[in-house]
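The figures here come from the full heavy-atom set of this structure, side chains too, leaving out hydrogens, waters and symmetry mates.
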Amino acid sequence: MSRFFAGGGSDSDSESSSDSEVVARPAAPQFTFSDEEEDVKRVVRSTKEKRYEDLSNIIKNIRNYKKIKDMSSMLTSFEELTRAHTKALPVITKVENGVTPRFIIRALAELEDFINMVWEDKEGRKNLSKNNSKSLGTLRQKFRKYIKEFDSDLKKFRESPDAADDDEEEEEKKEESESEDEQHVAPTAAKAVSFKKDVQKVKVDKDDDESDDSIDWDMDSDSDESSSDEETQYTSIRERFLKKADKEDGDDAENKKEKKKLQKDSKDRLKKKRADDDDEGWEVVNGNRSTSAEQPKMFAKDAEIDVNVVINKLNEVMAARGKKRTDRKLQIEFLRELRTIADTHNLGDAVAAKIRFNIVSAIFDYNPKVSEPMKLEHWSKLLEEIQALIKLLLANEDIILSETILDENEEYETAPYKIRGCILTAVERLDDEFTKLLKECDPHSNDYVDRLKDEVTVSSVIEQVVKYIERLGNDTETCRVYLRKIDHLYYKFDPNVLKKKKKELPANTLTSVDEMDRLCRFVYAKDQTDRLRTRAILSHIFHHALHDNWFQARDLVLMSHLQETIHHSDPPTQILYNRTMANLGLCAFRHGNVKDAHQCLVDLMMTGKPKELLAQGLVPQRQNERSLEQEKVEKQRQMPFHMHINLELLECVYLVSAMLLEIPYMAAHEFDARRRMISKTFYQQLRSSERQSLVGPPESMREHVVAAAKAMRHGNWNACSNFIVNKKMNVKVWDLFYEADRVREMLTKFIKEESLRTYLFTYSNVYASISVPYLAEMFELPKSKVHSLISKMIINEELMASLDDPTETVVLHRSEPSRLQALSMQLSDKVTNLVDSNERIFEMKQGNFFQRGGNQGYNRDRQNYRNQGQGQNWSGNRRNRDDNRENRGNRNQNRDRDHRKQHRVEFEEKAE
């Protein structure tokens, strides 16, 4: 025995005894299963379930992003939704027969409502970040394009939005069928063991009692114990996969029912709690509303109500006007209640007029921001109140409403009644609010048309105020109200004016031109401010030009000298001036005064910003060129859409006028180095077209005019006319005129005449003589017209020719150089200028430039430099070839001049 085991004593005995005892241990299972294998259950899903699950997950994400207004993530999810829907289309076509599932339509409808709500909330949009604001615009555009495919489905959905979705109905049917199958299973049938835990947590809301929380913890502990029991319960894999008894199946069904009952009970408890909280007397307090102690109180039940009491109460209510915590809506309600009390007690029309005037002022005060329009509900109430007030004033001649009356001098009981206030100021502000409402609406929507219908009401209100102000006899206020009436009248076209000109109507018929003439003449005579007179003159000119009264409009412009002083006027008056000149140019064009039309439009079109100058929109600019405040002010100056002048029509008239003037001038001065452009804009368009290597058929209005100009340069009037007058141009431009056929005939006539002049200028060097009948036949003009045009050209020394009446021919004189001769002359002039400049530079480098006498030097006149007091300009003399030649006084210059003359004679002899 080893020495290690010796002397063990009692310890060794106890150890040996313990080793000899046999401990009973449970038999280990032959197979063990991990938690992962228990939790994971392989399920075979159809393609429909996969696609619908992807769609529902994306829709769930979109709803979550809606809650936090994350537009960027919502845009990404919407793009994922479109891709997922495209993937699911084969399944929808096969299973649903092409009908889009209802849960997708519901998601699209919710998204559409959300986008519209965020887009209409302008204040909320301003608070969005730059990324979210940009994503909102992109999402709105993409969604509006994508939603067109689902218009019919969305209409059906919006008719019954509360119906259940397709996927919810299917889930309910599945649950019902599963529960029925579980109930009808035979008791002896075996059931496959599920790898899921038998007992699951019961989901209870956070607001439940503590007893519910304890139930959850107990269930967790029970589920853990049951999972541990399962591992040791089975000794073989066969026992684990055997079906359980039917009793367990029944237990599972009962457990599901119990879970549903618990969830319903918890929801009922929450509803009861909320209902109890609401019944406890909570009060929703408005932040802007004053407390009940600060609010003015109406009369006591037993109080005697008379005029003084009502006026005192009215002053008490209006004393809170403009204060910080005053509830404007409540103030209007108090005033209406006060008006009702005054009507019931028959306190008189003067008190009623005073209260109504204060109601109008309170409605104006309801909108705190002057730059934004008032709400439509307040606008309709405002119209009703002002109409009632004016009717009341017109019906009672004893009531005088004027701002010159002091508060102490007001009289409500005895006639004549005197009230402090100004109805004209209220109507002017009403007109301004109407303009702001029109600017706020989308001009291409039905809302704009609905708002524009109120223009009839506003005009009638102004008419009634005109009657009331005329009765008072105040010239200053009369001029102001006349100008408001003019502003609503000057831009409207009256066809009776042209019918009266043609004597289709009696001579005593009153037209808008007669009314404008009466109103403007009164303002000319009685106005004491230059602004009202200036605006009246401009409106008068605009109205005359609109009705083709060219001579009256032109005379008013020339006599008023407005073009000299308009730069000192305020911006709205300058905008009216630009509109007037644009309309005057159109009128001149309709009358065939092409040169006058070009002069009227050139200042407007040369800037390249006619849209801004006419206040018809803002052109996007670079950063820091226009601040936010400037942009806000300019937006307030914009004209309503129904008063706009067609910019494409303006540009077309300007370019056609420039073409009719520029092309003959270019042909007459083709080789003149000092030629100047008549229209820079038209010249740039023509040059850019010539630089293009490949020019296709014209599409836009500008391309049509450029193509017509190219045809006119060759004298092809037929092609030019076809480019200017065709179906496309008729729709875009010419049909917008009142008498479009007359304008088209006038255009064709001018094109023929200017093409004839261009043809003679261009090909005069080719012909020795031209037959007048031949020209008349070529350009389809009468002989007398051709004879007249050629005579004018000869008299104005534009064409070096003579007329031979017996033979009816034009004999052309070859005084003008040919193309080669003209180019050589230009080259010699340019070489001479180059030599002069090189000599000046050389002498400056030598240092003896200022040391020589007056006439010393080579080929140069020193007096232009030394005698500065004589005001001579060397650069101007250098540009002017003839003057430069005369000022050269030395022998070298004379010799060079003789040399050039000899060269020129040789060129002419060679050419002949």
Point to revise | Glu123, CD atom: more than 12 neighbouring heavy atoms under 6.0 Å | key: yes

Review point. How about Val118 and Met71: do any of their side-chain heavy atoms sit closer than 4.5 Å?
Key: yes

Review point. So does Lys436 pair up with Glu433, basic N to acidic O under 4.0 Å?
Key: yes

Check your understanding: Would you call Asp487-Arg484 a salt bridge at under 4.0 Å N-O?
Key -> no

Exercise for review: Starting at NZ of Lys87, measure out to OG1 of Thr47 and round the result to the nearest 0.5 Å.
Suggested key: 12.5 Å

**Study point:** Side-chain touch Asp442/Asp447, heavy atoms, less than 4.5 angstrom
**Key:** no

Exercise for review: Taking the side chain as every heavy atom from C-beta outward, state whether Ile92 and Tyr52 have any atom pair closer than 4.5 Å.
Suggested key: yes

Check your understanding: So do the side chains of His644 and Pro443 get within less than 4.5 Å of each other, counting heavy atoms only?
Key -> no

Practice item. Applying side chain to side chain contact (heavy atoms under 4.5 Å, CB included), run through Arg336 and Lys381 and close with a yes or a no. Key: CA-CA 12 Å; Arg336 285 179 178 163; Lys381 293 176 182 176; 3.1 Å; yes

Review point. Is the side chain of Arg140 donor-acceptor paired with the backbone N or O of Ile115 at a distance under 3.5 Å, no angle test?
Key: no

Practice item. Evaluate side chain to side chain contact (heavy atoms under 4.5 Å, CB included) for Tyr738 paired with Leu546, printing each intermediate quantity in order. Key: CA-CA 10 Å; Tyr738 177 66; Leu546 190 65; over 6 Å; no

Review point. Between Tyr448 (side chain) and Phe641 (backbone), is there a donor-acceptor pair under 3.5 Å?
Key: yes

Check your understanding: Does a side-chain N-to-carboxylate-O contact under 4.0 Å join Lys66 and Glu110?
Key -> yes

Point to revise | Trace of the side chain to side chain contact (heavy atoms under 4.5 Å, CB included) decision for Arg579 with Met643 | key: CA-CA 10 Å; Arg579 286 168 52 81; Met643 298 173 66; 4.1 Å; yes

**Study point:** Inter-residue atom distance Glu648.CD - Lys732.NZ, 0.5 Å rounding
**Key:** 5.5 Å

Point to revise | Closest non-hydrogen atom pair, Ser133 against Leu128 | key: N-CB, 4.3 Å

Exercise for review: Measure the spacing between CZ of Arg63 and CG of Leu111 and express it to the nearest 0.5 Å.
Suggested key: 10.5 Å

Review point. Do Glu428 and Val465 come within less than 4.5 Å of each other through their side chains, counting heavy atoms only?
Key: no

**Study point:** Donor-acceptor contact present, side-chain Asn116 to main-chain Glu112, <3.5 Å
**Key:** yes

Point to revise | Under 3.5 Å: donor-acceptor pair, side chain of His378, backbone of Ile363 | key: no

Revision key, fill the gap. Here the pair of heavy atoms bringing Met729 nearest to Cys652 is CE-SG, 3.7 Å

Review point. For the atom pair CE (Met639) and CG (Leu438), what is the distance rounded to the nearest 0.5 Å?
Key: 11.0 Å

Check your understanding: Any donor-acceptor pair under 3.5 Å linking the side chain of Glu703 with the backbone of Glu699?
Key -> yes

Revision key, fill the gap. To the nearest 0.5 Å, atom CG of Asn132 lies from atom CG of Asn127 at 11.5 Å

Exercise for review: Determine the minimum heavy-atom distance between Ile58 and Ser77, stating which atoms define it.
Suggested key: CG2-O, 3.4 Å

**Study point:** Which atom of Met374 lies closest to which atom of Asn367, heavy atoms considered
**Key:** N-ND2, 3.6 Å

Exercise for review: Check the surroundings of atom CG in Asn446: do more than 12 heavy atoms from other residues, nucleotides or ligands lie under 6.0 Å from it?
Suggested key: no

Review point. In terms of ring plane angle, is the pair Phe78 and Tyr146 parallel, tilted or perpendicular, where the classes change at 30° and 60°?
Key: perpendicular

Review point. Just by distance, do the side chain of Thr457 and the backbone of Lys453 share a donor-acceptor pair under 3.5 Å?
Key: no

Revision key, fill the gap. Distance col, row Lys69:NZ vs Leu136:CG, nearest 0.5 angstrom, shows 10.0 Å

Check your understanding: Run the side chain to side chain contact (heavy atoms under 4.5 Å, CB included) check on Leu382 and Phe364 step by step: do they pass?
Key -> CA-CA 8 Å; Leu382 179 64; Phe364 279 129; 3.5 Å; yes

Point to revise | Check: Leu614 and Leu647 side chains under 4.5 Å, non-hydrogen atoms | key: yes

Review point. Has the side chain of Lys485 got a donor or acceptor atom that lies under 3.5 Å from a matching backbone atom of Glu463?
Key: no

Point to revise | Side chains of Lys142 and Thr138 in contact at under 4.5 Å (non-hydrogen atoms) | key: yes

Point to revise | Minimum-distance pair of heavy atoms, taken over all atoms of Ile62 and Leu81 | key: CD1-CD2, 4.1 Å

Check your understanding: Is it true that a side-chain atom of Arg125 and a backbone atom of Trp119 form a donor plus acceptor pair closer than 3.5 Å?
Key -> yes

Point to revise | Side chains of Glu96 and Lys48 in contact at under 4.5 Å (non-hydrogen atoms) | key: yes

Exercise for review: Compute whether any side-chain donor of one residue and acceptor of the other, for Ser73 and Asp70, lie under 3.5 angstrom apart.
Suggested key: yes

**Study point:** Whether over 12 other heavy atoms sit under 6.0 Å from Lys492 NZ
**Key:** yes

Review point. Parallel under 30°, tilted from 30 to 60°, perpendicular over 60°: which one fits the rings of Trp379 and Phe434?
Key: parallel

Check your understanding: Is a side-chain donor or acceptor of Thr326 paired with a backbone partner of Ala320 at a separation under 3.5 angstrom?
Key -> yes

Point to revise | Residues Asp54, Arg83: salt bridge by 4.0 Å N-O rule | key: no

Review point. Is the backbone of Gln638 close enough, under 3.5 Å, to the side chain of Lys439 for a donor and an acceptor to pair up by distance?
Key: yes

Check your understanding: Which heavy-atom pair separates Ser135 from Ser72 by the least distance, and what is that distance?
Key -> OG-CA, 3.6 Å

